[in-house]
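Would you mind keeping the following structure in view while I ask a few things?
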Amino acid sequence: MTPYAGEPVTPYAREVVSGSRFRGAGIRIAAGFLFAFGLPFLALVVWGVWSTRSTNRFFPGPLTIGEAFVDTWVGRAFLDDVLPSLYRLGLGIVASIVVGVAAGTVIGLFRWLRELLEPLLEFFRAIPPPVLIPVAMLLLGITDSMKVVVIVSGAVWPILLNTIEGVRATDSVMTETADSFQITWWERLWFLVLPASSPRIMTGVRQGLSVALILMVISEMFASSSGLGYRIAYFQRNYLIAEMWSGILLLGLVGVLLAVAFGLVERRVLRWYHGMREVTRA
Amino acid sequence: MRVLSARRLRSTRKVLLGVVGLVGFLVVWQLIPTLGLIDPEYLPYVTDVLARLVEEFRDLAFWRRLGLTMTAWAIGLTVATLAAVVLGTIVGLVPLLRRATHTMVEFLRPIPSVALIPLAVLMFGLQMRAALVIIVYASFWQVFVQVIYGVADVDSVARDTARSFGLTLRERLSYLVLPTALPYLLTGLRLAAAVALILAITAEMVIGNPGLGRMIELSRSAGDAVGLYALVVVTGLLGLLVNLVFRFIERRSLSWHQSVRGEEVL
Amino acid sequence: MPERSTLLRVEHLRKIYESATGDVEAIGDISFTMNAGELVCVVGPSGCGKTTLLKCLAGLLPPTSGLVEMDGSPVRGPSPAMAVVFQEYGRSLYPWLTVRGNVELPLRHKKLSRAERDTLVTDAIEAVGLPHAARSHPWQLSGGMQQRVAIARAIAYQPEVLIMDEPFAAVDAQTRADLEDLVRELHTTRRISTVFVTHDIDESVYLGERVLVLSNSPTRVQEDLAIDLPPERDQLTTRALRRFTELRTHVYDQIQRAKLGQVAPQSAR
């Protein structure tokens with residue numbers, strides 16, 4: 001292959017020095033694609049082949065599950081089960097973040113408050129969150145708000161404690177700078193305390209997200225007649241294996257989407273932080 | 001001397017405030033049903049709950065249930081850790097594998113482990129083995145991810161040095177990789193220990209294999225609010241104990257290492 | 001030279017820290033006055049309480065006893081009349097704000113119109129030579145440039161006194177020379193009164209119109225030295241002057257004495 005042969009004439013043609021470099025980029029992209037999707041694809045194929053040979057009825061093949069997925073979740077069930085679940089999850093997450101960050105900031109700013117509440121908070125964080133479901137059922141009955149309360153009561157702790165820690169650890173020189181320029185209280189909160197603790201807050205939120213998802217599922221398995229968690233448990237009890245697997249798949253998708261969404265938000269909120277870390281590491 | 005006592009005063013103040021906070025919480029708890037804000041049937045008196053706690057501590061059946069829960073916890077944690085260390089080291093050491101498994105890991109990790117409960121029940125019925133599936137799955141990722149980070153974190157200069165001196169693979173593993181990865185491993189272990197406890201109890205609640213979790217669920221369905229609250233307190237104390245022990249281990253074995261890393265739970 | 005009135009008066013300032021190992025006397029007894037428009041360098045052996053002095057001046061630390069007076073009224077806390085440039089530029093600039101955002105932040109609560117604020121910010125960023133970097137984040141800049149941002153933030157605040165705490169201790173020699181010239185230039189063009197704390201003798205002589213030499217524990221003013229170098233200064237020619245060398249040697253000598261705890265016998269003249 002001669003250089004430039006068949007190369008389109010573009011203003012950038014001069015930058016494409018040789019065909020081999022162009023080909024190199026193509027290979028790199030192909031390799032990246034292969035690395036990213038090779039193993040999952042392989043796993044699916046192996047699973048598919050294995051399931052056709054195996055007599056184990058608990059592990060249907062990926063195609064069967066795919067079919068069941070479409071049949072089960074596309075349509076009414078999406079409105080009746082998936083959306084309400086996601087709505088409660090979203091509400092719970094938002095409430096956890098608002099409550100956790102607000103309370104964490106206040107507690108983090110006052111040392112006496114921190115010392116007053118520290119043992120209590122340590123204890124509450126240590127309670128396995130699902131244990132709160134029976135308590136919430138007792139106090140609030142089996143209602144939608146009970147489920148949201150359960151989600152909040154579990155997911156709020158990592159956010160709260162990380163916020164407290166972040167606020168407490170605000171750099172002393174930064175605080176002194178704010179002092180010397182007589183920055184007002186609100187400005188201090190908005191331009192110093194919250195951004196300074198945002199890396200810790202985001203760590204807490206990430207932990208809170210996974211707790212929230214777990215609590216959404218369990219609270220529905222426990223006390224519900226609708227929702228994702230309820231559906232999956234229902235399928236299992238009625239030996240609808242492929243449908244159950246499709247539910248697990250859907251929950252996995254929700255988990256992955258939540259992680260991806262969080263990653264996007266985090267990258268935006270903490271752009272300065274990651275940029276700074278990259279610079280100091282170099 | 002005066003200043004010395006001022007410092008001691010500060011730490012006493014901290015302890016004192018902590019105690020005040022704790023006592024204040026208990027008093028408020030006691031007052032809520034006393035003043036009739038919430039029916040004692042739903043929020044029992046704190047004195048009753050504490051009395052029940054003492055009662056439970058004297059009861060052999062309680063300790064047996066606690067033992068079952070902690071057995072599931074210990075087996076699950078051990079299996080998960082062993083698997084994660086082996087797989088994590090291999091994947092972490094081979095860049096090719098790391099790239100190839102990345103997507104898979106990023107997809108499998110966020111799957112909430114409790115989603116697997118129905119599957120586990122189908123496979124193993126209402127037994128501890130079903131619970132173990134959930135516990136192992138959840139705590140595996142905690143250790144696995146940390147081990148990969150740790151193994152990949154080996155300083156490139158140190159690695160080149162080792163290579164230039166011709167250290168064998170075994171020597172490199174024990175003198176280079178292990179010390180670098182150890183702090184990560186211990187962090188992962190601490191997180192995994194907390195997660196494993198949560199899922200051990202959760203599994204008992206949902207699946208119904210015997211243990212503290214099932215007792216909680218039974219208390220609720222029997223309307224035994226006092227027993228329910230007492231058990232919730234027990235699980236909290238248990239969680240606190242696990243946290244303290246593993247934090248202690250981490251600090252003791254890493255007194256030379258000052259690392260602050262982001263943590264992930266569950 | 002315009003007539004100069006007393007701007008800052010420090011009388012018998014004393015600061016004691018209480019700590020676990022006992023009381024530490026950071027400042028023994030310091031008195032001096034400073035006129036409007038002056039550039040005063042404070043130099044002393046390391047650990048002599050320079051930073052403490054500066055924090056007391058800026059109202060960030062309450063003195064144990066004594067008085068700091070600004071324009072005739074005592075300083076009781078941070079005041080809009082003063083702006084501080086800290087040594088640790090990396091921790092004093094907010095990494096989540098851009099250069100412009102950092103400079104603008106202290107002006108937000110001043111009662112200024114949007115346009116006035118913008119002008120002040122732009123002007124200050126231009127004055128330190130960073131108009132091209134206004135939209136960058138501090139961590140994208142070199143150490144010297146970051147310190148320029150901190151200086152821009154301080155002058156945009158329009159203080160009566162600019163207080164600088166070993167601002168160039170953490171940058172390399174070449175950058176340091178550039179920054180010194182920047183401080184000289186800002187001083188000559190804008191007549192900003194400046195207190196410049198440093199441990200570098202050459203720097204204090206090169207920059208200052210006056211040099212206060214501090215003594216070590218208890219911290220006192222060892223000597224208050226007028227620097228009679230021409231106001232137009234230049235890294236090469238000024239430093240090559242014989243008078244510069246004399247003054248430098250004198251300050252060095254004084255600091256050696258200060259370390260030994262001897263009182264100044266005479267002035268340089």
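Below, chains carry the letters A, B, ... as their sequence lines are ordered, and counting in each starts from 1. The shown structure was predicted, so the numbers you read here are calculated from the model rather than taken from an experiment. Just so it is clear, the values below take in all heavy atoms, side chains as well, and ignore hydrogens, waters and symmetry mates.
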Legend entry - B:Glu217 portion near chain A, given a 4.5 angstrom heavy-atom threshold: side chain
Inset, instruction - Kindly check if the number of other-residue, nucleotide or ligand heavy atoms within 6.0 Å of OH (A:Tyr234) is above 12? - result: no
Legend entry - Shortest non-hydrogen separation from A:Gly32 to B:Arg99 and the atoms involved: CA-NH2, 3.8 Å
Inset, instruction - Begin from the C-alpha positions of A:Val135 and B:Tyr42 and carry the test side-chain contact (heavy atoms from CB on, under 4.5 Å) through to its verdict. - result: CA-CA 8 Å; A:Val135 176; B:Tyr42 302 128; over 6 Å; no
Inset, instruction - Counting only heavy atoms closer than 4.5 Å, note whether B:Ser221 contacts chain A via side chain, backbone, both or neither. - result: neither
Legend entry - Greatest number of heavy atom pairs closer than 4.5 Å to chain B - which of A:Leu132, A:Val217, A:Leu139: A:Leu139
Legend entry - Heavy-atom pair with the smallest gap, counting every atom of B:Ile117 and A:Met221: CB-CE, 4.5 Å
Inset, instruction - Answer with side chain, backbone, both or neither: which region of A:Val131 has an atom nearer than 4.5 Å to a non-hydrogen atom of chain B? - result: both
Inset, instruction - Kindly give the heavy-atom pair with the smallest separation between B:Gly236 and A:Ala126, and that separation in Å. - result: O-CB, 3.5 Å
Inset, instruction - Tell me, for A:Met202 versus chain B, whether the close heavy atoms (under 4.5 Å) come from the side chain, the backbone, both or neither. - result: neither
Legend entry - Under 4.5 Å from a heavy atom of chain A, the part of B:Val233 involved: both
Inset, instruction - Taking the side chain as every heavy atom from C-beta outward, state whether A:Pro128 and B:Thr202 have any pair of such atoms under 4.5 Å apart. - result: no
Legend entry - Proximity breakdown for B:Ile38 and chain A, heavy-atom pairs closer than 4.5 Å: side chain
Inset, instruction - Taking the side chain as every heavy atom from C-beta outward, state whether A:Pro134 and B:Met205 have any pair of such atoms under 4.5 Å apart. - result: yes
Legend entry - Any side-chain heavy-atom pair of A:Leu39 and B:Thr103 under 4.5 Å: no
Legend entry - From A:Glu122 atom CD to B:Leu240 atom CG, the distance as rounded to the nearest 0.5 Å: 6.5 Å
Inset, instruction - Can you establish whether the number of heavy atoms outside A:Arg267 located under 6.0 Å from its atom CZ is more than 12? - result: no
Legend entry - B:Lys14 side chain reached by A:Trp112 side chain, heavy atoms, under 4.5 Å: no
Legend entry - Interchain contact, A:Pro40 with chain B, by part (heavy-atom threshold 4.5 Å): both
Inset, instruction - Check each atom of A:Ile241 against the heavy atoms of chain B and say whether the ones under 4.5 Å are side chain, backbone, both or neither. - result: side chain
Legend entry - Neighbour count above 12 (heavy atom, 6.0 Å) for B:Arg13 CZ: yes
Legend entry - Segment of A:Leu117 engaging chain B (4.5 angstrom heavy-atom cut-off): neither
Inset, instruction - Please look at A:Glu118 and chain B and tell me whether the side chain, the backbone, both or neither of the residue comes under 4.5 angstrom of a heavy atom of that chain. - result: side chain
Inset, instruction - Counting only heavy atoms closer than 4.5 Å, note whether B:Leu96 contacts chain A via side chain, backbone, both or neither. - result: both
Legend entry - Heavy-atom pair of closest approach, residues B:Pro112 and A:Leu251: CD-O, 3.8 Å
Legend entry - Ring center gap for B:Phe25 and A:Phe124 short of 6.0 angstrom: yes
Inset, instruction - For B:Leu122 and A:Gln236, work out which heavy atoms get closest and say how close. - result: CG-CG, 3.9 Å
Inset, instruction - Sort B:Leu228 into side chain, backbone, both or neither according to what part of it lies under 4.5 angstrom from a heavy atom of chain A. - result: side chain
Inset, instruction - Start with the C-alpha gap between A:Phe37 and B:Met104, add the side-chain angles, then the distance that decides, and say whether side-chain contact (heavy atoms from CB on, under 4.5 Å) holds. - result: CA-CA 8 Å; A:Phe37 298 106; B:Met104 197 86 166; over 6 Å; no
Inset, instruction - Name the member of B:Thr235, B:Val206, B:Val15, B:Ile111 that forms the most heavy-atom pairs with chain A at distances under 4.5 Å. - result: B:Thr235
Inset, instruction - State, yes or no, whether a side-chain contact exists between A:Leu120 and B:Leu22 at a heavy-atom distance under 4.5 Å. - result: yes
Legend entry - Taking every non-hydrogen atom, the tightest pair across B:Ala115 and A:Ile248: O-CG1, 3.3 Å
Inset, instruction - State, yes or no, whether a side-chain contact exists between B:Ile201 and A:Pro130 at a heavy-atom distance under 4.5 Å. - result: no
Inset, instruction - Pick one of side chain, backbone, both or neither for B:Leu237, based on which atoms fall under 4.5 Å of a heavy atom in chain A. - result: both
Inset, instruction - Could you check which of B:Val121, B:Asn243, B:Leu197 has the highest count of heavy-atom pairs closer than 4.5 Å to chain A? - result: B:Val121
